[in-house]
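All remarks here apply to the structure that follows.
In this text the structure is predicted, and so the values were computed from the model without any measurement. In what follows, chains are A, B, ... by sequence order, proteins preceding strands, each numbered from 1.
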2 protein chains.
Amino acid sequence: MRIGTLAERLRTTPHAIRFYERRGLLPVPQRADNRYRSYTEQDAERLRLLVGLRQLDLPLEQAAALAGMCTAGHCEQVSEELREAISQKREELRRRIDELQFLDRRLAHLAGQLGSGETPQAVITLGKEERDV
Amino acid sequence: MRIGTLAERLRTTPHAIRFYERRGLLPVPQRADNRYRSYTEQDAERLRLLVGLRQLDLPLEQAAALAGMCTAGHCEQVSEELREAISQKREELRRRIDELQFLDRRLAHLAGQLGSGETPQAVITLGKEERDV
DNA sequence: CTTGACATTGGAGCCGCTCTAGGGTTTAGC
DNA sequence: GCTAAACCCTAGAGCGGCTCCAATGTCAAG
């Protein structure tokens, strides 16, 4: 299978796949006579895992490492690491969501102030940063 | 005032300030005899606005442009643009928060599946991507 | 035989800093 | 006067994770 076909199957792009290869995150595939990359079903399965793990927003290196281990038959260990990674990611998500919600409330507040005639200088104060130093 | 003092007052770093200058987002400041940058209160006010607008997560270029306009006395116009930018940013935030919450639910679900003995391959499916093509 | 879709490579670009290397300057204490 | 810490300077690389570009090669359909 050629790179375009593989990319389409896995909802990614040839660019991304070559990028993973350059980074050493995927095994170097066979080449056809015309020098085109030629992927097996095993290659596809490994990439499928990698792409799937990336969709969980795991760091690329970790996603690639886990995909490789799984393909090498160490699925048990992958399950464990994955559970740990997921729980960390969920904590991070909670923090990030809180941040974004906080920013949203702040923006709503500022929009209100601007609407009632306050100047931008008065509104953007960094919380009176300069006084408490 | 020197760059370190300014950075401390505005809770940013000398590196960031020099970076803004290199990008042409801040006016080139005076230099002292020793070639150190020397900032006036006006410089500080402009940077304060820039930093404040960045804290609202506006794009750097836009934040710098608005800070410049405000310093140049076009605050009315800045107020308008800012209201618009804020409302766009809030929409973006809502979308982003939804995405993150969706991912969190997905992670919770996967953690449950992994906990009850499913293999990573079975769990990470890209939603059966390959079949519906 | 041409057109168009695919493939190849290396490298730049995005965002917004952050940090490093390899220097020079100032300041505080002794 | 001297030393050490803390500041300042510049130019440029690095982060993450792709995305896109140029310039070229390959191949199937009409």
Side-chain angles (χ1 to χ4, degrees), chain A residues 1-26 28-39 43-44 47 49-67 85 88-89 92-93 96 99-100 103 133, chain B residues 1-26 28-39 43-44 47 49-67 85 88-89 92-93 96 99-100 103 133:
Chain A
M1 177 186 356
R2 301 200 305 200
I3 198 169
T5 312
L6 179 60
E8 199 177 349
R9 265 179 59 177
L10 300 184
R11 303 238 188 292
T12 180
T13 67
H15 279 308
I17 297 173
R18 284 189 288 252
F19 168 76
Y20 297 148
E21 186 187 325
R22 275 214 297 276
R23 285 293 193 85
L25 302 175
L26 286 178
V28 174
Q30 292 283 322
R31 296 288 181 134
D33 294 344
N34 51 17
R35 310 181 53 79
Y36 287 8
R37 287 169 182 81
S38 177
Y39 295 93
D43 293 331
L47 180 58
L49 269 170
L50 170 47
V51 170
L53 291 167
R54 276 296 300 144
Q55 284 180 1
L56 307 183
D57 203 35
L58 299 192
L60 179 53
E61 294 256 344
Q62 187 178 17
L66 292 178
Q88 281 185 22
K89 174 59 72 178
E92 186 192 316
L93 275 178
R96 186 76 184 125
E99 278 176 21
L100 296 187
L103 179 56
V133 172
Chain B
M1 177 186 355
R2 300 199 308 200
I3 198 169
T5 312
L6 179 60
E8 200 178 349
R9 266 178 58 177
L10 300 183
R11 304 236 188 293
T12 180
T13 69
H15 279 308
I17 298 174
R18 285 188 288 253
F19 167 78
Y20 297 148
E21 186 188 325
R22 276 214 298 274
R23 284 291 193 84
L25 302 175
L26 286 178
V28 174
Q30 292 283 322
R31 296 286 182 135
D33 294 343
N34 51 16
R35 309 180 54 80
Y36 287 8
R37 289 169 180 80
S38 178
Y39 295 93
D43 293 331
L47 180 59
L49 269 171
L50 171 47
V51 171
L53 291 167
R54 277 294 301 143
Q55 284 181 1
L56 307 183
D57 203 35
L58 300 191
L60 179 53
E61 294 256 345
Q62 188 179 17
L66 292 177
Q88 279 185 23
K89 175 59 72 179
E92 187 191 316
L93 276 178
R96 187 74 184 126
E99 277 176 21
L100 296 187
L103 179 56
V133 172

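Atoms NE2 (His15(A)) and C1' (dA7(C)) sit 11 Å apart, rounded to a whole Å. Whole-Å rounding puts the Glu61(A) CD to dG14(D) C1' distance at 14 Å. One atom, CG of Leu47(A), and another, P of dC18(D), lie 11 Å apart when rounded to the nearest Å. Rounded to whole Å, atom P of dT19(D) lies 12 Å from atom CG of Leu60(A). Taking atom CZ of residue Arg11(A) and atom P of nucleotide dT19(D), one finds them 15 Å apart after rounding to whole Å. One interatomic measurement links the two molecules: CD of Glu21(B) to P of dA11(D), which rounds to 11 Å at whole-angstrom precision. Going from atom CD of Gln55(B) over to atom P of dC17(C) covers 11 Å, rounded to whole Å. Look at CG on Leu50(A): it is 11 Å from P on dG17(D), rounded to the nearest Å.
Contact annotation: Asn34(A) reaches the phosphate of dC27(D) (side-chain N/O to OP1 or OP2, under 4.0 Å). Phosphate proximity of dC15(D) to Arg23(A): absent, as no side-chain N or O sits under 4.0 Å from OP1 or OP2.
Place Pro59(B) and Arg2(B) on DNA chain C by their nearest nucleotides, and Pro59(B) ends up nearer the 5' end. Residue order along DNA chain D, read from the 5' end via each residue's closest nucleotide, puts Gly4(B) first among Arg54(A) and Gly4(B). Both Asp57(B) and Asp33(B) sit near DNA chain C, but only Asp57(B) has its closest nucleotide nearer the 5' end.
Minimum interatomic distance between Ala44(A) and Leu10(A) (heavy atoms only, all atoms of both residues): O-CD1, 3.8 Å.
Among the atoms of the strands shown, base atoms are found under 4.0 Å from some heavy atom of Arg18(B). Residue contacts for Arg22(A): at a heavy-atom cut-off of 4.0 Å it reaches a base atom on one of the strands shown.
Evaluation of atom-type donor-acceptor distances gives no pair under 3.5 Å for the side chain of Tyr20(B) against the base of dG16(C).
Remark: Leu103(B) CG to Lys89(A) NZ distance equals 7.5 Å, nearest 0.5 Å. Atom CZ in Arg2(A) sits 6.0 Å away from atom OH in Tyr36(A) (nearest 0.5 Å).
A 6.0 Å sphere centred on CD of Gln30(A) holds no more than 12 heavy atoms belonging to other residues, nucleotides or ligands. Atom CD of Gln62(B) sits in a crowded spot, with more than 12 heavy atoms from other residues, nucleotides or ligands closer than 6.0 Å.
You'll find that the side chain of Phe19(B) is closest to dT18(C), out of dT18(C), dT8(C), dG17(D). Here the side chain of Thr13(A) is nearest to one of dA7(C), dT26(C), dT19(D), namely dT19(D).
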